[in-house]
Every structure is written in C-alpha cells, then in structure tokens.
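Report on the structure given below.
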Protein chains: 2
Amino acid sequence: MSNYKTINLERYSIMFKALSNPHRLQIFNLLTGCCEPGTVCSTNEAISCCVGELDQQLDIASSTLSHHLKELNRAGLLNMKREGKQIFCSINPSTLIELGDLFSAESTIKPN
Amino acid sequence: MSNYKTINLERYSIMFKALSNPHRLQIFNLLTGCCEPGTVCSTNEAISCCVGELDQQLDIASSTLSHHLKELNRAGLLNMKREGKQIFCSINPSTLIELGDLFSAESTIKPN
DNA sequence: TTTATAATTCGACATATTTCGAATTATAGG
DNA sequence: CCTATAATTCGAAATATGTCGAATTATAAA
C-alpha cells in the first residue's frame, strides 16, 4: 500500500501558469512576502490589500491588473472580497500549502 | 535582523512558466513522481530517462518534446547528459528544493 | 438624483507559445 | 565510408497571452 499523495496535473498547471507571469508573481509576493520575520505567512490570516493599493505598486494599467487578479483567482490562489467600493485581495492559504506539498517528498501527480 | 530567505522573482517566473505547460508538467512528474514509497525523490539521485523513453509516454512529436526539454533545462529544472546516442534527463534536485522553500514559511521574493 | 470613486469588461493589437514535419547533427556499428 | 538510430534545429501556422484605453458597472456620499 502506497502512501503517495495524489494530486491533479491539470489543476497544477493552471496554478503554475498563474504564477508564471512576472506581474502576477509580484502580486503573489506582495500578498505573501511581507509577513513579520518568524511568522508563517501560509498559515496566518493572509495579508489583505485592496486592488487600488496593488495598482499603486505595479506600473500597469488598472484593467491589466484586473485581468491578472482574475487569473490568480481562477487558479485558486487568490481570494477576493468586496467591502464597500473596494475589493480586498488575499492569498488562499490552503492552496499555498498544497503547492508546498507538491515539492516535498512522496508526491505524485495524477494524470487528468 | 531578518531571517527571511531572499529569492529572485524573475528566476522563479521562468521556473513556473516551465511547469505551466501540461506536457512539461507531465515530464516533470514522470521524472519525480515514480520514486518508491517512503523515499524522498527530491534528494535522492534523480530518476533518469532517455529522451526516447519520454517520447513513448507523451503523444507529441519528438521535435516538440525536444523543445519542452530545452525549456525545462533553461529553467534549471532538468539536467541532460549524453551517453552514446542517447541523452538522459533527470530533475535537478537542488531546484526542486528551492521551489519547496518558496512555499514554506519566511520566504520573500527579491524584485529583480 | 447626481456625482465621485473603485474596479471590471470589452475590443483591438502586438507578441509569445505550441505544435508539426522536414532537414540536420551526433554517435555507433558494420 | 556508409547506414541506422537518437535527438535537435528550423520554418511555418494556429492559438494563447499581455497590454492598453474607452466604456461600463457597483457602491457610497452629497
């Protein structure tokens, strides 16, 4: 009996595609990479930014940003939640954990 | 003093792009996912396949396979070594470890 | 209701990627 | 040297992606 983790190939290729664009990876980084030293970003309540705050840091048109956020959301990496006029974005912690698992031992990707 | 790991954004986006294509992810899986249960693929000497063996399992033209292998190699994910007429491919274990680190705690991506 | 702000959708265009088959290179063996 | 096998390079075609500005939707506030 195997103790392999079995994961989905198609789902992962969508996640990797989402992270393959430099602007999207930058967004990912802004939302994960600014935890305090010693804290664990992936399991804490995530950092939350509204779209406008991300826009200020990214040097792309806001319509382009919108498109990228949709891609990250579609890939299961990003949570989006409206509060009044603003929409707050945060990284989905469970997807982050999944990705970590992929590169640790005994993982196998399930075809289809 | 911070104990953040600092990593390179551009380098990682290239790695993710390499893994974002379903055929390339399948190659990646073939070369990492077939370890014996209980072993650690990422730190063992890697599984090695010649290009022809991969070709048999992939249902794409061999020229397309060649292209994908070059991409994986360019991204630092794949080692290639000629032995006679054949070229053997294996996953670069240190890059695998790097990727695992990215999704674990306290990582920060370095812009540029 | 009108206005202002935050964000998304749409359409167009340029660029990049995937894929194939044909031609080429590299190696081994007769 | 000639032939067969393994793999790569090249050029072309189809498809996908990234980007922008203009128009639109959603919400809040005067």
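- Side-chain atoms of B:Leu96 and B:Ile91, non-hydrogen and from C-beta on, do get closer than 4.5 Å to each other.
- Going from atom CG of A:Leu58 over to atom C1' of C:dA6 covers 16 Å, rounded to whole Å.
- The main-chain N or O of A:Ser20 is never found under 3.5 Å from a side-chain atom of B:Ser20 such that the two would form a donor-acceptor pair.
- Counting all heavy atoms, side chain and backbone alike, B:Leu78 lies closest to B:Cys89 at CD1-CB, 4.0 Å.
- Taking A:Gln56 as the reference, nothing meets the side-chain contact (heavy atoms from CB on, under 4.5 Å) condition, with sequence neighbours excluded.
- Rounded to an integer number of Å, the gap from B:Phe16 CZ to D:dT17 P is 18 Å.
- What separates CG of A:Asp55 from P of C:dA6 is a distance of 10 Å, to the nearest Å.
- Between A:Thr95 and A:Gly76, the shortest heavy-atom distance links the atoms OG1-O, 2.6 Å.
- By the side chain to side chain donor-acceptor pair (under 3.5 Å) test, A:Ser13 is found to be paired with no residue, residues two or more places apart in sequence or in another chain being considered.
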Identify every side-chain donor-acceptor pair in residues 59-71 of chain A under 3.5 Å, counting partners at least two apart or on other chains, and give the distances.
residue, atom, partner, partner atom, Å
A:His68, ND1, A:Arg24, NH1, 3.1

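- What separates CZ of B:Phe88 from C1' of C:dT27 is a distance of 14 Å, to the nearest Å.
- We find the CG-CD distance between A:Leu19 and A:Gln26 to be 13.0 Å, quoted to the nearest 0.5 Å.
- Within the structure, every side-chain polar atom (N or O) of B:Lys17 is placed at least 4.0 Å from both OP1 and OP2 of D:dT17.
- In this structure, B:Gln57 contributes its side chain and B:Glu53 its backbone to a donor-acceptor pair below 3.5 Å.
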Practice task
Please test A:Leu77 against A:Leu99 for side-chain contact (heavy atoms from CB on, under 4.5 Å), starting from the C-alpha separation and ending with a verdict.
Solution key: CA-CA 10 Å; A:Leu77 287 159; A:Leu99 278 166; 3.8 Å; yes
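- B:Glu71 has its CD atom 9 Å from the C1' atom of C:dT17, to the nearest Å.
- Within residues 74-85 of chain B, the residues that have a heavy atom under 4.0 Å from DNA chain D are, in order of number, B:Met80, B:Lys85.
- Summary of helix geometry: the two end axes of the helix from C:dT1-D:dA30 to C:dG30-D:dC1, each defined by five base pairs via their C1' atoms, are inclined to each other by 20° (rounded to 10°).
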Set out, line by line, the N/O atom pairs under 3.5 Å between protein and nucleotides 12-15 of chain C.
none

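- Nearest heavy atom pair, residue B:Glu98 against residue B:Tyr12, reads O-OH, 3.1 Å.
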Atom pairs, N/O to N/O, protein against nucleotides 19-24 of chain C, distance under 3.5 Å?
residue, atom, partner, partner atom, Å
C:dT19, OP1, B:His23, ND1, 3.2
C:dT19, OP2, B:His23, ND1, 3.2
C:dT19, OP2, B:His68, NE2, 2.7
C:dC20, OP2, B:Ala61, N, 2.9
C:dC20, OP2, B:Thr64, OG1, 2.8
C:dG21, N7, B:Ser63, OG, 3.3
C:dG21, O6, B:Ser63, OG, 3.0

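- What separates CD of B:Gln86 from P of C:dT27 is a distance of 13 Å, to the nearest Å.
- At whole-Å resolution of the value, CD1 in A:Ile87 and C1' in C:dT8 are 8 Å apart.
- In this structure, the separation between CD1 on A:Ile87 and CG on A:Asn79 is 13.0 Å, given to the nearest 0.5 Å.
- Separating the CG atom of A:Leu25 from the P atom of D:dT17 is a distance of 17 Å, rounded to the nearest angstrom.
- With rounding to the nearest 0.5 angstrom, the CG atom of A:Asn92 is 13.0 Å from the CE atom of A:Met80.
- A:Lys85 meets the salt bridge (charged side-chain N to carboxylate O under 4.0 Å, His left out) test with no other residue; sequence neighbours excluded.
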